[in-house]
Each structure stands twice: as C-alpha cells, then as structure tokens.
Asker: 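Structure in structure tokens, see below.
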Amino acid sequence: MATYENILVNQQDKTAIITINREDKLNALNSQTLKELSEVFDKLSEDATVRGIVLTGKGEKAFVAGADIKEFLSLNSAEASELSRSGQQNVMNKIQHFPKPIIAAINGFALGGGLELALACHIRVAVESAKMGLPEVSLGIIPGYGGTQRLPQLVGKSKALEMILTGDMVDAQDAYQWGLVNHVVATQSELLAKCIALLERTYTRSFTAITAAIDAVNVGIVDVDKGFEREIELFGKCFGSADMKEGVAAFLEKRKPNF
Ligand code: COA
C-alpha cells in the first residue's frame with residue numbers, strides 16, 4: 001500500500017484499517033489529512049481484495065478532535081465555504097456512498113469534524129471512555145462537514161439540536177442510548193476486534209447486495225420517495241446477479257452460500 005504523511009493504512013485479510021496519524025494534534029483534520037483520506041478511499045474502492053474498512057485515530061486519546069482550527073485563521077467567507085464543500089464532497093460524502101462497509105472505531109474524542117467523519121461512516125463503535133460532540137458554536141461557527149444534517153438523521157432533531165446548540169460532549173453510554181453509536185466496548189483493545197467482527201459478518205453475505213443496500217438507504221435518507229423507487233430498482237437488479245442465484249440455491253440445498 002502507498003505511504004502517506006498523516007494516515008496509516010494496513011490490511012488484515014479483507015479489512016483495510018485506516019488510522020489518522022497526527023496523535024500530537026489529537027488527529028485534527030488538516031487539509032493534507034483530508035486530501036490523503038480522499039485518495040485512500042478512491043484506492044480502496046478499486047481494490048477488490050478489500051471488502052470493508054475500519055477508520056480510527058492513532059493513540060488512546062482522540063479519534064479526531066475536529067478540523068484543524070489553526071487552518072481557520074487565514075480563511076475568508078468564500079474560502080471557508082469552499083473548505084466545507086470540498087471536505088463534504090471529497091471525504092464525508094465519499095464515505096457515506098462508499099460501496100463497501102466503513103466502520104468508525106471511536107477510540108477517544110470525536111469532536112467537530114471528527115464526529116462528522118464518524119457520522120459519515122456506515123456504523124460506529126465507541127470505547128467506553130470516548131467523548132463526542134459538535135463544539136463549533138463555541139468557536140463562533142457551525143458544523144461544516146455535514147453535522148447539522150447527519151446528526152439529526154441519527155439521533156433525531158431534538159437531541160441533535162441539544163448537542164449542536166450547547167456544544168457539549170456526550171459520553172459513549174449516552175451516545176449509545178441516543179442511537180449515535182451502534183456498540184460500546186469497555187477497552188481500547190476490544191475496539192478493533194469488535195469492528196472487524198462486524199465487518200466479517202458482512203463478508204459472509206453477498207457483496208452485490210451489500211453495495212445495493214448502502215445505495216438504497218442513502219437515496220432514501222435524502223428523499224424517501226426516491227428511496228422507495230431506488231429500492232424497487234435495485235431489488236430487481238439483484239435478481240439478475242450470480243449472488244442471488246447462489247444465495248437462493250444454497251438456502252434450498254440447506255448449505256452455506258459461497259459468494
Ligand atoms: N485543531 C488543531 N489543533 C488541535 C485541535 C484542533 N481541532 N484539537 C487539539 N489540537 C491540538 C492542540 O492545539 C494541542 O497542540 P499543541 O500541543 O501544539 O498546543 C494538542 O492538539 C493537544 O490538545 P490539548 O488541547 O492540549 O489537549 P487537552 O487534553 O487539554 O484538550 C480537547 C483536549 C479535545 C478538549 C481540546 O484539544 C479541544 O477542545 N480541541 C478542540 C476541539 C474542537 O473545538 N473541535 C472542533 C473544531 S471545528
């Protein structure tokens with residue numbers, strides 16, 4: 001795999017593990033890190049040996065403590081809008097629409113752009129000690145990498161507005177109860193194992209179907225009528241696939257499918 005300045009990429013069987021590697025800056029997302037994330041997702045999308053991805057932060061303190069605040073200083077209004085647009089298009093939306101499952105392994109602070117990065121992933125697993133929040137209003141700004149949209153989708157408008165308007169952090173148990181994270185693990189050492197175990201469940205399923213399911217869910221999140229239509233279309237498309245023939249034959253022959 002290519003080497004990068006601010007991220008580490010390892011592969012364990014079918015799982016690629018991307019680690020944001022700026023531990024001394026709490027893995028804050030500067031422009032170089034965003035560029036590298038954009039590139040690595042393009043590469044992994046094409047890599048047929050990779051079936052799922054874990055995204056995490058280096059060390060035990062932070063997943064990602066936000067966009068790099070130092071880079072904000074020089075930006076005017078138009079440049080700030082462009083930063084938001086390019087971050088959303090090149091990283092956050094790319095993750096949301098990625099054709100293979102991506103799990104955020106939240107190993108510590110996930111704040112601002114860091115929480116937004118986790119929100120864009122398909123599934124989130126947090127360590128018990130993790131803290132999550134959108135503190136942007138304390139900087140005089142609002143979330144700019146999709147937080148005002150994706151957080152309400154996950155936790156509802158009421159809890160989302162509470163988090164966004166107070167800027168306060170929530171702990172992993174509250175996040176779990178609110179539906180912000182899918183699972184909480186007690187220790188850092190369990191975090192990666194839990195994410196990989198979830199991904200490995202998906203590897204036993206049809207890849208064609210998984211990609212179609214991600215697509216249909218994503219369309220419906222934006223527009224529910226279009227989502228139903230997309231589901232109908234993709235449901236039909238699955239019926240032409242080799243995976244569907246194998247999956248149904250395996251069920252009828254009382255054996256495991258070989259996708
Ligand atoms: N952007 C740039 N640098 C950041 C950063 C960010 N979002 N978050 C942390 N850092 C840097 C700090 O500047 C510090 O660097 P330094 O050693 O060169 O001074 C280093 O990471 C360690 O952070 P520090 O604040 O000293 O750690 P702490 O344990 O006292 O506090 C936090 C941890 C997470 C509470 C605190 O770092 C924080 O509030 N970060 C900003 C969170 C935020 O507002 N994010 C939203 C951005 S839109």
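Read the numbers this way: they start at 1 and go in the same order the structure lists the ligands and their atoms.
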Asker: Considering only protein heavy atoms, which is closest to atom 28 (P) of ligand 1, and at what distance to one decimal place?
Answerer: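 Looking at atom 28 (P) of ligand 1, the protein heavy atom closest to it is Lys61 NZ, 3.6 Å.
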
Asker: Report yes or no: does Glu190 contribute a side-chain atom to a donor-acceptor pair with the main-chain N or O of Thr187 at less than 3.5 Å?
Answerer: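 Such a contact is found between Glu190 side chain and Thr187 backbone.
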
Asker: Which of the listed options, Ala67, Ala65, Pro143, Ala110, holds the heavy atom that is closest to atom 42 (C) of ligand 1?
Answerer: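 Looking at heavy atoms only, Ala65 sits closest to atom 42 (C) of ligand 1.
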
Asker: Checking side-chain polar atoms at under 3.5 Å, does Lys100 have a donor or acceptor matched by the opposite partner on Thr211?
Answerer: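 No, no side-chain donor-acceptor contact under 3.5 Å.
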
Asker: Do Asp215 and Arg230 meet the salt-bridge criterion of a basic N to acidic O distance under 4.0 Å?
Answerer: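 Between Asp215 and Arg230 there is a salt bridge, with a charged N closer than 4.0 Å to a carboxylate O.
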
Asker: Please determine whether a side-chain nitrogen of the Lys or Arg among Lys35 and Glu39 lies less than 4.0 Å from a carboxylate oxygen of the Asp or Glu.
Answerer: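 Salt bridge present between Lys35 and Glu39.
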
Asker: Would atom 8 (N) of ligand 1 count as contacted, meaning some protein heavy atom under 4.0 Å?
Answerer: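 It does; a protein heavy atom is within 4.0 Å.
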
Asker: Using the side-chain contact (heavy atoms from CB on, under 4.5 Å) rule, take Ile103 and His122 through it: C-alpha gap first, then chi angles, then the decisive distance, then the call.
Answerer: CA-CA 6 Å; Ile103 303 186; His122 303 127; over 6 Å; no

Asker: Scan side-chain atoms only and decide if Asp243 and Ser241 contain a donor-acceptor pair under the 3.5 Å cut-off.
Answerer: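 The answer is no; no qualifying pair exists.
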
Asker: What are the atoms of ligand 1, with element, lying closer than 4.0 Å to any heavy atom of Asp68?
Answerer: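 Matching atoms, with element in brackets: 1 (N), 2 (C).
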
Asker: May I ask whether atom 30 (O) of ligand 1 is less than 4.0 Å from at least one protein heavy atom?
Answerer: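 So far as the 4.0 Å threshold goes, atom 30 (O) of ligand 1 is out of reach of every protein heavy atom.
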
Asker: For atom 20 (C) of ligand 1, what's the nearest protein heavy-atom neighbour? Residue, atom name and distance, please.
Answerer: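 The protein heavy atom lying closest is Asp24 O, 3.2 Å.
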
Asker: Please state which protein non-hydrogen atom is closest to atom 34 (C) of ligand 1 and give its distance, to 0.1 Å?
Answerer: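 Here the nearest protein heavy atom works out to Leu111 CD1, 3.6 Å.
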
Asker: Which residue owns the protein heavy atom closest to atom 44 (O) of ligand 1, what's the atom, and how far is it?
Answerer: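 Its nearest protein heavy-atom neighbour is Pro135 CG, 3.5 Å.
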
Asker: Hydrogens and angles aside, do Thr15 and Tyr203 bring a side-chain donor and acceptor to less than 3.5 Å of each other?
Answerer: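 Yes, side-chain donor-acceptor contact under 3.5 Å.
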
Asker: Is it the case that Ser45 and Asp42 place a side-chain donor and acceptor less than 3.5 Å from each other?
Answerer: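 No.
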
Asker: Considering Ile69, Leu29, Asn27 one by one, which has a heavy atom nearer to atom 47 (C) of ligand 1 than any of the others?
Answerer: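 Result: the heavy atom closest to atom 47 (C) of ligand 1 is in Ile69.
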
Asker: Tell me the protein heavy atom at minimum distance from atom 5 (C) of ligand 1, and give that distance in Å.
Answerer: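 Protein heavy atom at minimum distance: Ala28 CB, 4.0 Å.
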
Asker: Would Arg22 and Asp68 count as a salt bridge (Lys or Arg N to Asp or Glu O under 4.0 Å) here? Give the steps.
Answerer: CA-CA 11 Å; Arg22 297 183 76 215; Asp68 193 316; 3.1 Å; yes

Asker: Indicate whether the side chain of Gln188 and that of Asn107 have a donor and an acceptor atom separated by less than 3.5 Å.
Answerer: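 Gln188 vs Asn107: no donor-acceptor pair found between side chains.
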
Asker: Does atom 26 (O) of ligand 1 have a protein heavy-atom neighbour under 4.0 Å away?
Answerer: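 Protein heavy atom within 4.0 Å of atom 26 (O) of ligand 1: absent.
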
Asker: Is there a protein heavy atom at a distance of less than 4.0 Å from atom 39 (O) of ligand 1?
Answerer: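 False for atom 39 (O) of ligand 1.
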
Asker: Tell me, which protein residue and heavy-atom name are nearest atom 32 (C) of ligand 1, and how many Å apart are they?
Answerer: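 Minimum-distance protein heavy atom for atom 32 (C) of ligand 1 reads Leu26 CD1, 4.2 Å.
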
Asker: Out of Lys25, Glu116, Lys70, Glu71, who is nearest to atom 11 (C) of ligand 1 when you count heavy atoms only?
Answerer: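 Comparing heavy atoms across Lys25, Glu116, Lys70, Glu71, the nearest one to atom 11 (C) of ligand 1 lies in Lys25.
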
Asker: Can you find a protein heavy atom under 4.0 Å from atom 18 (O) of ligand 1?
Answerer: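 Yes, there is a protein heavy atom closer to it than 4.0 Å.
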
